[in-house]
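Each chain gets a letter, A, B and so on, in the order its sequence line appears, and its residues count up from 1.
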Amino acid sequence: MTTSPKTRNFRIDFKTAGPAIALLILCVIGFLLNPAFISEGNITNLLTRSAFIGIIAVGATFVITAGGIDLSVGSMAAVIAGVMIIVMNGAVDTFGTGVTTVLIGCGCSIILGLGAGWVNGVLTTKGKIEAFIVTLGTMGIYRSLVTYFADGGTLSLNYDIRGTYRPVYYDSFFGLPIPVWVFIVVAICGWLLLNRTAFGRYCTAIGSNESVAQYSAIKVDRIKTLTFVIQGLCVSLATIIYVPRLGSASSSTGVLWELEAIAAVIIGGTVLKGGYGRIGGTILGALILTTIGNILNFTDMISNYLNGTMQGLIIIVAVWLQRGEWGRTKHKTE
Amino acid sequence: MPDGQAITTPVLAADGISKSFGSVPVLFSVSMDIRAGEVHALIGENGAGKSTLMKILSGFHQPTSGHILLDGQKFELPPNGETEKLGVVLIHQELNLAEQMTVEENVFLGREIRRRGVLDRKAMREIVQGYLSDIGLSISPGDRISDLSIAEKQMVEIVKAISRDARVLIMDEPTAALTEAETELFFAQIRQLKAKGVAIVFVSHKLSEVKEISDRVTVLRDGQWIATQKAADLTPDAMAQMMVGRELADLYPPINEVDVDAERVLEVQNLLAPGVEGVSFYLKKGEVLGFSGLIGSGRTAVFEAICGLRPIDGGEIRVDGVPTRFKSVAAARDAGIVYLTKDRKEKGLLLGQKMTPNLTLFALPRFVRNFSIDRKAETEALDRAIRRFDIRARDPNVDVGDMSGGNQQKLLLAKVMECDPRILIIDEPTRGIDVGTKQQIYHFIAAIAAEGVSVVVISSEMPEVIGVSHRVAVMREGQITGILSGDHINENEIVRYAAGLKRED
């Protein structure tokens with residue numbers, strides 16, 4: 001009896017630190033395989049590449065913590081990128097190729113993101129359709145819309161605007177690329193929102209037990225819709241820093257991002273069925289996923305084509321470890 | 001009935017059973033024998049060890065010491081419900097049916113009749129139909145479980161047990177969720193089974209029912225065997241006395257009279273809502289108003305409608321004389337009206353979370369400073385609540401789901417009191433908690449009312465409603481049939497109004 005609380009604390013600590021330990025181990029492996037892994041250039045590159053999935057995954061943490069799921073984020077990013085490019089190209093005649101046009105594009109992206117998230121949220125709450133079904137539907141719709149806008153090909157951003165917009169992806173600020181700064185800001189805001197505000201507490205409560213939340217004077221529908229809106233906002237931010245990277249959008253933009261985002265959330269320790277969310281874990285999860293790909297690029301031991309295999313294994317192992325923990329607690333309460 | 005023979009070899013017997021969970025002893029050398037063709041009631045307070053004993057008798061738990069005799073032979077019962085094969089079936093309180101499957105599929109689940117590898121639906125259907133007509137149940141084998149009433153589901157469980165040639169049927173509070181008419185139907189089935197020689201063990205808190213249906217009664221208290229007696233020799237009062245083991249006179253606090261001219265804080269006129277058909281009543285400041293009636297009579301529906309949890313179809317609600325209709329629980333809360341659910345585990349508390357987030361969840365806007373939650377204030381609130389409501393947890397970081405029912409209930413009360421309500425509605429304040437905690441809860445209610453808060457107590461336990469209320473409203477089929485006060489508050493009167501034998505105009 002006397003030893004059990006001690007072991008329990010230890011277990012929880014281990015669980016919280018799990019993703020960090022995993023990332024550390026990956027980095028050591030990366031360094032051993034190729035010391036260039038920890039070069040400044042590679043680290044910067046790694047962080048920049050994590051930014052897209054990371055930002056989207058911060059939004060996904062809210063949706064999943066509140067008991068939902070959003071499968072539409074990849075397609076949403078693609079269609080927002082497509083519309084942004086169309087709008088900016090169209091604005092060239094009136095506003096030129098300067099900052100104004102880029103700002104119009106960004107504003108457009110944010111409005112679209114908020115709107116798309118709101119649609120997912122309202123269909124889920126007011127329409128009383130499972131989030132899985134709703135977002136499976138919107139995923140298909142957005143994906144086909146971008147294909148339609150691009151007429152089956154690629155939408156390309158006007159070459160001059162590309163020049164104006166380029167720094168958003170390629171420039172650095174205090175030694176860190178701008179996407180990384182955006183990632184950091186989103187992560188901090190997300191962490192504060194989930195851990196320090198009533199809204200975050202409500203998300204957790206809804207994900208744990210919706211009835212309890214309802215009886216506790218929580219406006220369940222409103223909070224759930226808001227989680228989808230936050231997800232939409234995160235997607236639009238990710239798209240804003242993604243577009244200048246290639247300056248184009250096509251039907252293959254953002255493919256499988258939704259699964260990577262969900263994977264990052266789950267690896268980070270957030271519970272898929274809701275009620276427990278960790279922004280810090282999500283960020284580590286996103287970094288882990290990108291690091292695996294990066295390491296495989298650095299070594300010939302495992303083919304780069306097996307990137308998906310490695311990611312898949314990591315996801316399964318992470319959830320398996322979680323399951324052990326949660327299964328244990330659940331058994332105790334019964 | 002070959003009486004002598006049955007007595008010499010009980011079908012199933014517990015002999016000096018003790019059971020501990022970890023270092024916590026739950027049963028102390030309990031013995032009980034069950035004879036063919038008898039109904040044996042097992043009664044005791046919550047925590048007396050009834051459930052544990054039932055689970056040991058059906059093999060779900062293994063005893064720490066002592067043994068089980070099956071047909072007079074020492075026997076180690078197999079775990080996980082495999083005792084069904086031996087004819088010993090436990091019917092859980094939470095029924096164990098696959099909701100989306102049909103009656104027939106449920107009855108044959110796991111031992112389907114096959115012909116050449118394919119399900120022989122026709123044969124199974126005929127057999128189930130046979131059982132159903134046997135017990136006079138007007139459902140079809142093809143009905144989906146989710147479409148049946150709770151009573152019918154219970155019957156399906158029984159059919160399932162019979163179809164497995166059950167010799168001993170152990171039932172955990174089978175009548176808890178049944179209406180009076182359903183209970184009668186249920187008892188008729190029990191008598192039939194009894195006539196066929198099936199032994200039936202059942203747990204119930206409704207002592208008058210115990211008196212009516214059972215042949216023998218075994219009483220447990222604090223894990224000890226107290227007595228096994230013929231039901232005919234016992235009155236419900238005597239049973240209660242044996243269960244509690246002391247006089248219960250001081251269970252309820254003294255009631256302070258309400259000011260005669262205290263203002264009416266809540267007035268409801270002709271309220272119409274799903275399950276509520278024209279309810280009118282008023283509530284005075286500092287008053288405790290009891291709501292009695294049978295399960296399903298619409299008591300919960302009335303207050304869930306008032307608090308914005310259900311749509312309202314018509315009628316008027318006046319708070320402090322001002323007509324109001326709350327669109328959400330939050331709006332009701334902000335007006336000082338709070339509803340404490342009877343469903344502690346499903347609607348009341350987040351079982352996987354700690355005490356603090358549970359405590360402050362309802363009144364969370366009060367804990368927000370500069371857009372963020374004031375954690376220091378939360379900790380202080382928890383300290384206050386623990387002191388005020390005497391919440392006993394091993395440590396403050398325990399998951400709420402691991403706390404005892406009594407402490408959970410205290411936490412739930414503390415949770416709604418956190419927003420300083422003016423009107424407190426408590427639905428089943430003491431469901432599933434032991435008598436000591438009950439007494440504390442009654443005193444909390446009296447103290448809260450003495451501070452000037454108006455309290456509504458909805459309860460199915462009549463002594464409780466009588467013990468704590470100034471006035472008692474009795475409901476039947478969505479309507480208030482009478483509002484009793486003073487000397488008219490007694491079990492007799494309440495039962496008559498609840499059963500529809502009497503009604504005020």
Side-chain angles (χ1 to χ4, degrees), chain A residues 1-6 8-9 11-13 15 65-67 125 188-223 270-271 273-277 322 325-334, chain B residues 22-24 304 307-310 326-334 337-353 356-375 378 394-395 397-403 412 415-416 418-419 427:
Chain A
M1 269 319 256
T2 40
T3 52
S4 75
K6 212 172 177 180
R8 216 166 150 219
N9 283 341
R11 272 166 165 268
I12 285 172
D13 279 343
K15 195 176 138 204
T65 302
T125 54
I188 291 173
C189 292
W191 188 87
L192 288 173
L193 198 57
L194 187 64
N195 294 299
R196 287 288 177 263
T197 66
F199 172 78
R201 189 69 68 76
Y202 289 162
C203 289
T204 313
I206 291 170
S208 307
N209 185 330
E210 224 176 288
S211 296
V212 172
Q214 195 201 355
Y215 278 77
S216 300
I218 296 170
K219 291 178 176 152
V220 175
D221 286 357
R222 183 180 299 177
I223 303 288
T270 297
V271 178
K273 66 179 173 13
Y276 180 74
Q322 273 182 31
E325 274 296 327
W326 288 95
R328 207 180 81 98
T329 13
K330 204 182 161 201
H331 184 75
K332 240 187 119 187
T333 43
E334 272 169 5
Chain B
S23 62
V24 186
E304 290 198 341
C307 292
L309 282 156
R310 290 180 189 226
F326 300 116
K327 283 209 180 66
S328 65
V329 186
R333 174 198 63 196
D334 296 340
I337 303 183
V338 302
Y339 168 77
L340 194 158
T341 172
K342 63 185 163 193
D343 199 347
R344 184 161 70 223
K345 289 185 195 295
E346 286 302 315
K347 295 171 180 168
L349 295 168
L350 300 171
L351 300 179
Q353 310 255 2
T356 314
N358 269 292
L359 176 71
T360 56
L361 191 61
F362 190 62
L364 204 55
R366 290 191 165 213
F367 291 90
V368 174
R369 302 261 181 292
N370 303 326
F371 302 105
S372 70
I373 297 173
D374 185 346
R375 301 190 153 204
E378 276 194 301
R394 270 168 281 133
D395 72 288
N397 285 322
V398 66
D399 279 351
V400 167
D402 290 342
M403 288 166 51
L412 191 54
K415 170 182 165 182
V416 296
E418 206 47 57
C419 64
D427 203 348

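Judged by distance alone, the side chains of B:Glu346 and A:Tyr215 never bring a donor and an acceptor atom under 3.5 Å apart.
Contact annotation for A:Ile218: only side-chain heavy atoms (C-beta onward) come within less than 4.5 Å of a heavy atom of chain B. Interface remark: B:Lys345 contributes backbone atoms only to the contact with chain A (heavy atom separation under 4.5 Å). B:Leu349 touches chain A through its backbone: at least one of N, CA, C or O sits under 4.5 Å from a heavy atom, while the side chain does not. Proximity to chain A (any heavy atom under 4.5 Å) is shown, for B:Glu418, by neither the backbone nor the side chain.
Of all heavy-atom pairs spanning B:Phe371 and A:Thr197, the tightest one is O-CG2, 3.2 Å. Taking every heavy atom of both residues into account, A:Val212 and B:Gly348 meet most closely at CG1-O, 3.5 Å. Annotation for B:Phe362 and A:Ala217: closest pair CE1-CB, 3.7 Å, computed over non-hydrogen atoms.
Note that CG of B:Leu351 is 9.5 Å distant from OG of A:Ser208, once rounded to the nearest 0.5 Å. Atom CG of A:Asn209 is separated from atom CD of B:Gln353 by 10.5 Å, given to the nearest 0.5 angstrom. We find the OG1-CZ distance between B:Thr356 and A:Arg201 to be 8.0 Å, quoted to the nearest 0.5 Å.
Side-chain contact between A:Gln214 and B:Lys347 is absent, with no heavy atoms from C-beta onward closer than 4.5 Å.
Contact count versus chain A (heavy atoms, under 4.5 Å) is highest, among B:Leu309, B:Thr360, B:Thr341, for B:Leu309. Heavy-atom pairs under 4.5 Å with chain B peak, among A:Gly275, A:Ala198, A:Ala213, A:Gly200, at A:Ala198.
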